[in-house]
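Quick caveat, the model's predicted, so the values are computed rather than measured.
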Amino acid sequence: MKKIEAIIKPFKLDEVKDALNAIGVQGITVSEVKGFGRQKGHTELYRGAEYVVDFLPKVKLEIIASDSLVAQIIATIEKTAKTGRIGDGKIFVTPVEEVVRIRTGERGEAAI
């Protein structure tokens, strides 16, 4: 099993969620986060004063999936979240040792 974390632009969330549902992903955790990468934020003008926005709003998706689905999930997120502009985001994949469904006590892939 793997944990897939994707940081994407907020306006792409619905499109990515629908694409993941279409390939059979059953559960996603979504968090609103802030951060920056290479773009290092940007400057904005507010009431005549210029200020720097260091942390840009992003959305973080977390998905636990069986090893057989990981490549398809990554390809789907990459294809649907891509705008071609800087700040499209990142995808991280880490191993998951154990999953336990609290309600039933199921473990491993049965608990996903």
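The line from NZ of Lys17 to CD1 of Ile8 is 11.5 Å long, rounded to the nearest 0.5 Å. To the nearest 0.5 angstrom, Ile112 atom CD1 is 9.5 Å from Gln26 atom CD.
In the hydrophobic cluster analysis, where Ile, Leu, Val, Met, Phe, Trp and Tyr join through side-chain heavy atoms closer than 4.5 angstrom, Leu20 is grouped together with Val70. Hydrophobic clustering, with ILVMFWY side chains joined whenever heavy atoms are under 4.5 angstrom apart, groups Val30 together with Ile23. Under a hydrophobic clustering in which Ile, Leu, Val, Met, Phe, Trp and Tyr are joined whenever their side-chain heavy atoms come within less than 4.5 Å, directly or via other members, Val16 and Leu69 fall into the same cluster. The cluster map of Ile, Leu, Val, Met, Phe, Trp and Tyr, joined by side-chain heavy atoms under 4.5 Å apart, puts Ile28 and Ile74 in the same cluster. Transitive grouping of hydrophobic side chains (ILVMFWY, heavy atoms separated by less than 4.5 Å) keeps Ile64 and Ile91 in distinct clusters.
Minimum interatomic distance between Val99 and Val96 (heavy atoms only, all atoms of both residues): CG2-CG1, 3.8 Å. The two atoms that bring Ala111 and Glu106 nearest to each other are CB-O, 3.4 Å, heavy atoms only.
Considering Asp67, Ile73, Thr94 as possible partners of Lys2, the one that fulfils the side chain to side chain contact (heavy atoms under 4.5 Å, CB included) test is Asp67.
Residues satisfying the side chain to side chain contact (heavy atoms under 4.5 Å, CB included) criterion with Glu62, sequence neighbours excluded, are Lys3, Glu5, Thr29, Ser31, Lys60.
The side-chain heavy atoms of Ile4 and Leu61, taken from C-beta on, include no pair separated by under 4.5 Å. Side-chain contact between Val33 and Phe55 is absent, with no heavy-atom pair separated by less than 4.5 Å. Between Ile63 and Ile77 there is a side-chain heavy-atom pair separated by less than 4.5 Å.
Within the structure, salt bridge (Lys or Arg N to Asp or Glu O under 4.0 Å) pairs that include any residue of residues 74-96 comprise Lys9-Asp88 (at least two apart or interchain).
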